[in-house]
Amino acid sequence: GKGKNATRGKISVSFKNNEEFERLMKKLAIVIPAYKVDFFETVLFSLAQQTCKDFTVYIGEDCSRDDFKSLIEQYSKQLDIVYRRFEVNFGGHDLVAQWNRCIQLTQNEPWLWLFSDDDIMGPRCVECFFNTIAIDNGAFDIYHFDVKIVDCENQIVRIPTVYPSVIDSETFYRRKASARLDSFVVEYIFLRDIYNCTGGFQHFDLAWGSDIATWVKIGADKGIKTISGDYVYWRKSKKNITPNMDNKMVLRKLTADIEFTHWINEFFHKSSVYRFTKYAFFRLVVHYSQAISKSQIRLLLDKAVGKNIISFNDAFIINWTYRFIQLAKRVKDVLYF
């Protein structure tokens with residue numbers, strides 16, 4: 001990471017006149033990296049129900065075995081769709097690369113919205129976005145919708161904490177890392193110029209933390225603005241990697257977390273953030289302690305020491321008390337089940 005100051009002052013978005021503002025307002029690219037067809041029709045239906053259709057949908061199919069084409073054809077008269085089937089699968093080994101090549105399908109629309117093949121946007125989302133940037137006169141580089149979590153039957157199962165009207169990047173990171181806010185990738189619309197200027201999606205294995213790091217970069221100067229008036233509905237299912245507690249997957253996620261935390265420290269370069277990331281790392285150790293053995297945690301602690309996330313003494317204490325940490329987490333899980 002080059003640090004926050006490396007991106008400051010390079011891009012300044014201003015609208016010379018009302019005609020230019022109107023031109024930029026009417027261009028939004030909704031980008032869908034597609035692989036699972038299970039809920040894809042629900043996605044297309046939610047797009048077709050938008051009260052404002054000033055957008056183009058770009059669908060990049062990641063060499064799936066599922067039939068996306070016939071569904072897309074059904075909605076081709078209702079939506080402006082650009083569809084591309086990629087013959088080589090990227091998402092299975094490099095999800096960020098798949099995101100990037102899908103964004104490359106777009107046609108220079110100033111605003112980008114990375115969506116998904118199984119989530120839903122409320123019918124007024126696009127309208128509310130354009131209304132908000134009209135009121136703000138394009139004052140922000142990244143916008144956010146509050147989220148409701150749905151199950152496979154589209155029933156709401158949880159409503160996460162709402163965001164403040166504007167949240168700065170550091171506060172956003174701290175609240176996300178301490179589980180005071182949720183973030184799901186698909187509820188953000190961002191300005192292409194800033195996305196390009198800051199180097200696009202930050203790369204980590206499994207794209208684990210890539211979205212958070214990217215929103216931190218894009219929102220560094222002006223903060224993240226929340227759009228009111230409608231919601232994005234994020235689908236919780238067994239196919240999400242977030243709840244996956246398989247040992248190999250957890251090892252990959254924790255390794256990516258270490259890389260992400262190191263990036264955060266480098267980006268903010270503040271002693272207060274260093275202190276907080278040490279606390280955040282300990283939270284992760286506790287959270288995953290049921291899936292990670294004592295020998296595995298030693299290797300992860302060595303990595304964290306090497307990245308200056310924790311000290312050697314911190315690692316020694318965590319290693320020495322790890323059996324107790326595992327027991328305490330097991331008891332907590334039973335009590336709060």
Side-chain angles (χ1 to χ4, degrees), residues 1-15 21 24-25 27-33 55 58 96 99-100 102-103 106 108-116 119 121-122 125-147 160-177 181-203 207 209-232 234 260 263-264 267-268:
K2 295 181 180 179
K4 178 167 58 177
N5 293 333
T7 66
R8 287 190 181 276
K10 288 190 177 182
I11 292 290
S12 178
V13 178
S14 61
F15 304 106
F21 179 61
L24 290 174
M25 267 192 67
K27 292 197 173 182
L28 168 65
I30 298 176
V31 183
I32 302 178
F55 58 86
Y58 296 89
V96 172
W99 291 353
N100 286 334
C102 289
I103 286 177
T106 62
N108 294 315
E109 293 90 345
W111 296 101
L112 301 171
W113 187 352
L114 184 70
F115 208 64
S116 77
D119 299 319
M121 59 178 72
C125 278
V126 174
E127 176 192 348
C128 291
F129 165 67
F130 284 126
N131 287 344
T132 301
I133 65 171
I135 294 169
D136 293 339
N137 196 31
F140 296 89
D141 301 324
I142 180 168
Y143 290 82
H144 164 271
F145 288 97
D146 284 320
V147 173
T161 303
V162 299
Y163 278 50
S165 176
V166 180
I167 187 169
D168 65 88
S169 283
E170 184 180 336
T171 303
F172 165 69
Y173 161 69
R174 285 174 176 265
R175 292 187 184 179
K176 174 65 177 68
L181 284 180
D182 293 290
S183 184
F184 303 96
V185 184
V186 295
E187 69 271 32
Y188 297 86
I189 300 175
F190 49 95
L191 195 63
R192 180 192 298 273
D193 285 347
I194 304 298
Y195 168 82
N196 289 337
C197 173
T198 56
F201 281 102
Q202 197 67 31
H203 190 278
S210 294
D211 54 318
I212 303 302
T214 304
W215 311 148
V216 164
K217 291 192 299 184
I218 296 176
D221 285 337
K222 303 173 184 177
I224 300 168
K225 170 72 173 179
T226 293
I227 299 167
S228 60
D230 213 335
Y231 295 86
V232 166
W234 182 81
F260 166 75
W263 182 90
I264 286 288
F267 184 83
F268 288 109

Kindly compute the distance separating CG (Asp221) from SG (Cys197), expressed to the nearest 0.5 Å. 9.0 Å

One should read off an interatomic distance between Ile212 CD1 and Gln202 CD, to the nearest 0.5 angstrom, of 12.5 Å

Measure the acute angle between the ring planes of Trp263 and Phe267, then classify it against the limits of 30° and 60° as parallel, tilted or perpendicular. parallel

Determine whether the aromatic ring centres of residues Phe172 and Trp215 are separated by less than 6.0 angstrom. no

List the atom of Tyr188, the atom of Val185, and the distance in Å for their closest heavy-atom pair. CD1-O, 3.5 Å

Using every non-hydrogen atom in the two residues, find where Tyr231 and Cys125 come nearest and quote the distance to one decimal. O-SG, 3.3 Å

Check: Asp136 side chain, Ala139 main-chain N or O, donor-acceptor pair, under 3.5 Å: no

Got a donor-acceptor contact below 3.5 angstrom from the Arg192 side chain to the Leu112 backbone? no

Steps toward side-chain contact (heavy atoms from CB on, under 4.5 Å) verdict (Leu191, Trp111): CA-CA 5 Å; Leu191 195 63; Trp111 296 101; 3.7 Å; yes

Pro160 to Val147 - nearest heavy-atom pair and separation: CD-O, 3.0 Å

To the closest 0.5 Å, what do you measure between CZ (Phe129) and CE (Met121)? 11.5 Å

Value for CG (Asp141) from CD1 (Ile189), rounded to nearest 0.5 Å, stands at 13.5 Å

Residues which pass ring pair (Phe, Tyr, Trp, His ring centres under 6.0 Å) with Tyr163, listed by chain and number, not counting sequence neighbours: His144

What distance separates Ser116 OG from Phe184 CZ, expressed to the nearest 0.5 Å? 12.0 Å

Taking the ring of Trp113 and the ring of Phe55, is the distance between their centroids below 6.0 Å? no

Give the minimum heavy-atom separation between Ile32 and Phe115, together with the two atoms involved. CG1-CB, 4.1 Å

Exercise: identify the closest heavy-atom pair between Thr106 and Ile103: OG1-O, 2.6 Å

With side-chain contact (heavy atoms from CB on, under 4.5 Å) as the test, would you mind laying out the steps for Thr226 and Asp146 before giving the verdict? CA-CA 7 Å; Thr226 293; Asp146 284 320; 3.8 Å; yes

Set of residues satisfying side-chain hydrogen bond (donor to acceptor under 3.5 Å, both in side chains) with respect to Thr132, sequence neighbours excluded: none

Provide the closest heavy-atom pair for Gly199 versus Lys217 in the form atom of the first, atom of the second, distance. C-NZ, 4.0 Å

Straight-line distance of Trp99 CH2 to Thr214 OG1, nearest 0.5 Å: 7.5 Å

Could you go through Lys225 and Val166, starting from their C-alpha distance and side-chain angles, then the distance that decides it, and tell me whether this counts as side-chain contact (heavy atoms from CB on, under 4.5 Å)? CA-CA 5 Å; Lys225 170 72 173 179; Val166 180; 3.9 Å; yes

With sequence neighbours left out, the residues meeting ring pair (Phe, Tyr, Trp, His ring centres under 6.0 Å) with Tyr58 are none

Could you check whether Thr161 and Arg175, counting side-chain N and O atoms only, form a donor-acceptor pair closer than 3.5 Å? no

